[in-house]
> 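Below is the structure I would like to discuss, written out as structure tokens.
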Amino acid sequence: MLGMPGRNVYETDALRLLDAVARTGSFTAAADELGYTQSAVSRRIASLEHRAGGPLFERLPRGVRLTPAGELLHRHAREVLDRLAHAHAELTALHAGTAGPLRVGAFATAAAALLPATVRAFRAACPGVEVGIAEGLSRELMARLRDGDLDIAVVSDYPLGLEPPEGTRLQAILEDELLVALPADHPLAGRAAVDLAELRDANWIEGAPPARETLLVTSCRRAGFTPRVGVRIGEWTGKLGFVAAGLGVTLVPRIMAPAVRPDVALCSLGASAPRRTVFAALPAAAPLPAARTLLRLLTETARAYGGPERVAAADPGVSAGPPAVRE
């Protein structure tokens, strides 16, 4: 029976030969096209006819033509050959990084502006790649990358430091400064930089539970005061909504700055500003070419925020301190 496993290791070649003879109408022409001898083509077609259970071609004085059985088998042969050609083209594009899926993970504030700008550039460069985005906490994203659910992830080294799981690697792309977000009409809002001590009487908006030693608490203690946290809310839209309403101030990562609403002012805290490192996480072995392209574009986009040259020596396994804000 045609196509039984193990019966003929040249099955695909036999289908190509059938197609060539059907298209050219000649054993000789098919032999020339495929680089066979005419006698080899005759033997291969005879073997194929034996397995098909009857003649596939009528032998005419000048050339051959398909029998009804030959027409049926040729139709199926073309479908098989077309599907194989399509699969080959898709695999070639996948290995070249110009097609196929790319699964990207990112923590929340990276997904606010840094990643969208990168993905826009990536889609312009690789329009055939289907990009899927997943948001999560850095440690969750690293676990998904390890398990093969993601191809690349944008992660940070807080709140608990970041030790890459086995089978993954990190590349530092950005040192992210935390800014203070003030109501637009705040007396300090027009300043290029604010001393943290000037905010000792401010009402702070924080996302962490009261018992957690956050980087906000640590930084304020160094400035000589304990922050008064009047609002605890973890979601960024809510935090900035309270700031815009004049109900408090909060810390905002610089990479989120382009997405901050216009009625909120952002100011640097100068040399004492809390910082974190942002990394791209990839499989340690053979990341997808499309993932490498995204990494290159991510690094280019990060330069607008001061990376990656400022973090070349960063240690991904060591946290700079307690958590600053929710990711």
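Nothing fancy with the numbering, it's 1 onward along the sequence.
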> Can you tell me how far the CG atom of L17 sits from the CZ atom of F27, to the nearest 0.5 Å?
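One finds 8.0 Å between CG of L17 and CZ of F27.
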> Tell me whether T168 contacts the main-chain N or O of L282 through its side chain, where contact means a donor paired with an acceptor under 3.5 Å.
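Looks like no, no N/O pair under 3.5 Å.
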> Scan for side-chain hydrogen bond (donor to acceptor under 3.5 Å, both in side chains) pairs involving residues 14-24, sequence neighbours excluded, and state none if there are none.
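Checked against side-chain hydrogen bond (donor to acceptor under 3.5 Å, both in side chains) - neighbours excluded - the pairs reaching residues 14-24 are D19-R23, D19-H74, D19-R78, R23-E33.
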> As an exercise, state the distance from OG1 of T293 to CG of L297, rounded to the nearest 0.5 Å.
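Rounded to the nearest 0.5 Å, the OG1-CG separation comes out at 7.0 Å.
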> Not counting sequence neighbours, which residues clear side chain to side chain donor-acceptor pair (under 3.5 Å) with T226? List them please.
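So T226 forms no side chain to side chain donor-acceptor pair (under 3.5 Å) with any residue.
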> Taking only residues two or more places apart in sequence, or in another chain, which ones meet E79 in a side chain to side chain donor-acceptor pair (under 3.5 Å)?
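Not a single residue meets the side chain to side chain donor-acceptor pair (under 3.5 Å) criterion with E79.
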> If you round to the nearest 0.5 Å, how far is CG of L174 from OG1 of T277?
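Nearest 0.5 Å value for the OG1-CG distance: 8.0 Å.
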> If I take atom CD from residue E163 and atom CG from residue L170, how far apart are they, to the nearest 0.5 angstrom?
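If I round to the nearest 0.5 Å, the distance is 8.5 Å.
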> Write down the atom of E135, the atom of A108, and the distance for their closest heavy-atom approach.
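Heavy-atom minimum between the residues: OE2-CB, 3.6 Å.
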> Any side-chain hydrogen bond (donor to acceptor under 3.5 Å, both in side chains) involving residues 184-193? Give me the pairs, sequence neighbours left out, ordered by first then second residue.
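Listed once each, the pairs are R191-E198.
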> Enumerate the residue pairs fulfilling salt bridge (Lys or Arg N to Asp or Glu O under 4.0 Å) with a member in residues 112-125, sequence neighbours excluded, ordered by first and then second residue.
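Sorted pair list comes back empty.
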> Are the side chain of T250 and the backbone N or O of I205 linked by a donor-acceptor pair below 3.5 Å?
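Looks like yes, one N/O pair under 3.5 Å.
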> Check whether any side-chain heavy atom of L188 sits under 4.5 Å from a side-chain heavy atom of C267, and report yes or no.
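The answer is no, as the side chains (C-beta and beyond) never meet within the 4.5 Å cut-off.
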> Quick one: closest heavy-atom pair of P227 and L216, and the distance?
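The pair with the smallest heavy-atom distance is CG-CG, 4.2 Å.
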> Which atom names give the shortest non-hydrogen contact between L240 and A181, and what distance separates them?
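Shortest heavy-atom separation between L240 and A181 comes out as CD2-CB, 4.4 Å.
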> Ignoring hydrogens, what is the shortest heavy-atom contact between P101 and V129? Give both atom names and the distance.
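Result for this residue pair: C-CG1, 4.4 Å.
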> Does the side chain of I173 reach to within under 4.5 Å of the side chain of F279, using non-hydrogen atoms?
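No; the side chains remain at least 4.5 Å from each other.
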> Scan residues 54-68 for pairs that pass side-chain hydrogen bond (donor to acceptor under 3.5 Å, both in side chains), counting only residues two or more places apart or in two chains.
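Residue pairs passing side-chain hydrogen bond (donor to acceptor under 3.5 Å, both in side chains), neighbours aside: E49-R59, E58-R65.
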> Please identify each residue that fulfils side chain to side chain contact (heavy atoms under 4.5 Å, CB included) with Q171, with sequence neighbours left out.
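R169, L295, T299.
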> Could you check if a side-chain atom of V217 sits within less than 4.5 angstrom of a side-chain atom of W204, using non-hydrogen atoms only?
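A side-chain contact under 4.5 Å is absent here.
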> Tell me, with the steps shown, if R276 and D176 meet salt bridge (Lys or Arg N to Asp or Glu O under 4.0 Å).
CA-CA 5 Å; R276 63 178 177 180; D176 190 21; 2.9 Å; yes
> Please evaluate residues E177 and R254 with respect to the criterion salt bridge (Lys or Arg N to Asp or Glu O under 4.0 Å), reporting the C-alpha separation (whole Å), side-chain torsions for both, the decisive distance (0.1 Å), and the verdict.
CA-CA 6 Å; E177 174 188 357; R254 181 178 290 276; 3.0 Å; yes
> Rounded to the nearest 0.5 Å, how far does CE of M256 lie from CG of L266?
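Answer for the CG-CE pair, L266 versus M256, is 9.0 Å.
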> So which heavy atom on A110 is nearest to which on P116, and how close?
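Nearest pair, atom of A110 first, then P116: O-CD, 3.9 Å.
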> Walk me through whether N203 and V249 qualify under side-chain contact (heavy atoms from CB on, under 4.5 Å).
CA-CA 6 Å; N203 185 49; V249 302; over 6 Å; no
> Would you check if T237 and K239 make a side-chain contact, meaning some heavy-atom pair closer than 4.5 Å?
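When only atoms from C-beta onward are counted, K239 and T237 do not touch, as no gap falls below 4.5 Å.
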> How long is the straight-line distance from CH2 of W236 back to OG1 of T109, given to the nearest 0.5 Å?
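So the OG1 of T109 and the CH2 of W236 are separated by 6.5 Å.
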> For a quick test of reading the model, state the closest non-hydrogen atom pair linking S26 to V64 and the distance between them.
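Scanning both residues, the minimum pair turns out to be N-CG2, 4.0 Å.
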> If the condition is side chain to side chain donor-acceptor pair (under 3.5 Å), which residues does D151 pass it with, not counting sequence neighbours?
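In terms of side chain to side chain donor-acceptor pair (under 3.5 Å), with neighbours along the sequence ignored, D151 is linked to R103.
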> Does the side chain of V104 reach to within under 4.5 Å of the side chain of V119, using non-hydrogen atoms?
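Contact flag for V104/V119 side chains = no.
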> What residues form a side chain to side chain contact (heavy atoms under 4.5 Å, CB included) with S219, not counting sequence neighbours?
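Here the qualifying residues are L196, L215, P274.
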> Can you name the residues that form a salt bridge (charged side-chain N to carboxylate O under 4.0 Å, His left out) with D263, not counting sequence neighbours?
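Listed in chain order: R261.
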> Sub-3.5 Å donor-acceptor pair from the side chain of D147 to the main-chain atoms of D149, do we have one?
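Pair absent, no side-chain N/O of D147 close to backbone of D149.
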> Output all residues satisfying side chain to side chain donor-acceptor pair (under 3.5 Å) with R296, sequence neighbours left out; order by chain, then residue number.
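Result, side chain to side chain donor-acceptor pair (under 3.5 Å) vs R296: E300.
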> Does F242 CZ have over 12 foreign heavy atoms under 6.0 Å away?
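Incorrect, the count does not exceed 12.
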> Going by side chain to side chain contact (heavy atoms under 4.5 Å, CB included), name the residues that satisfy it together with L72, two or more places apart in sequence or in a different chain.
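For L72 the side chain to side chain contact (heavy atoms under 4.5 Å, CB included) partners, ignoring immediate neighbours, are R75, H76.
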> Can you tell if the side chain of L178 reaches within under 4.5 Å of the side chain of V252, non-hydrogen atoms only?
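SC-SC contact between L178 and V252 ruled out.
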